[in-house]
Amino acid sequence: HSYAFGSEMFSRLRTLCDGYLTLGSEQVRGKNVRTLEVNKINTTELNRDNSVAFVVEPDIGMRLIPLNKSKA
C-alpha cells in the first residue's frame, strides 16, 4: 500500500520489486468490479493501459469484464 511508507521510501522499495501490481475496486453499471493493473515489470515502467477487470463468482471463479478507460 502506498500509504504505508513515505513517498521517498516507497519509490525506493518499488525499484526493488520485480513486478508492481495495483488491485482496485470500482463500480461499473451498478456492479462492483475488481481491477488488476500491471504498472511495472522488472525495471520497465509500463505506460499503456495494462489492466484487466473481473468479478469473482462463487463456484465458478473469475469472470473477466470488458472495460475500457480513457485518460483525460
Side-chain angles (χ1 to χ4, degrees):
H1 294 285
S2 59
Y3 59 81
F5 303 101
S7 61
E8 184 178 328
M9 180 60 78
F10 185 69
S11 66
R12 287 182 181 182
L13 288 173
R14 187 173 168 194
T15 59
L16 295 175
C17 297
D18 289 333
Y20 182 73
L21 306 173
T22 303
L23 180 63
S25 179
E26 297 180 16
Q27 193 164 25
V28 177
R29 295 184 180 158
K31 286 187 171 185
N32 288 329
V33 175
R34 305 288 185 250
T35 58
L36 181 66
E37 183 176 1
V38 179
N39 300 103
K40 179 180 145 182
I41 295 179
N42 293 327
T43 57
T44 305
E45 295 284 335
L46 304 173
N47 296 329
R48 298 181 188 240
D49 185 29
N50 298 310
S51 63
V52 62
F54 62 94
V55 293
V56 178
E57 296 182 356
D59 299 327
I60 295 175
M62 289 175 49
R63 184 169 52 98
L64 297 179
I65 304 294
L67 181 66
N68 290 324
K69 292 183 188 178
S70 61
K71 294 183 180 180

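Because only heavy atoms are used, hydrogens play no part in the values below, and waters and symmetry mates are left out as well, while side chains stay in. These numbers come from a predicted model, not from an experiment.
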ask   = So how far is it from Ile65 CD1 to Arg34 CZ, rounded to the nearest 0.5 Å?
value = 12.0 Å
task = Would you please name every residue forming a salt bridge (Lys or Arg N to Asp or Glu O under 4.0 Å) with Arg63, sequence neighbours left out?
result = Glu57
message = I want to check something: taking the side chain as every heavy atom from C-beta on, are Val33 and Phe54 in contact at a cut-off of under 4.5 Å?
response = no
query = At what distance, to the nearest 0.5 angstrom, does OG1 of Thr35 lie from CG of Leu21?
reply = 11.5 Å
query = How would you list, by chain and number, every residue that makes a side-chain hydrogen bond (donor to acceptor under 3.5 Å, both in side chains) with Gln27, sequence neighbours excluded?
reply = none
ask   = Same cluster for Ile60 and Val52 if Ile/Leu/Val/Met/Phe/Trp/Tyr side chains link at under 4.5 Å?
value = no
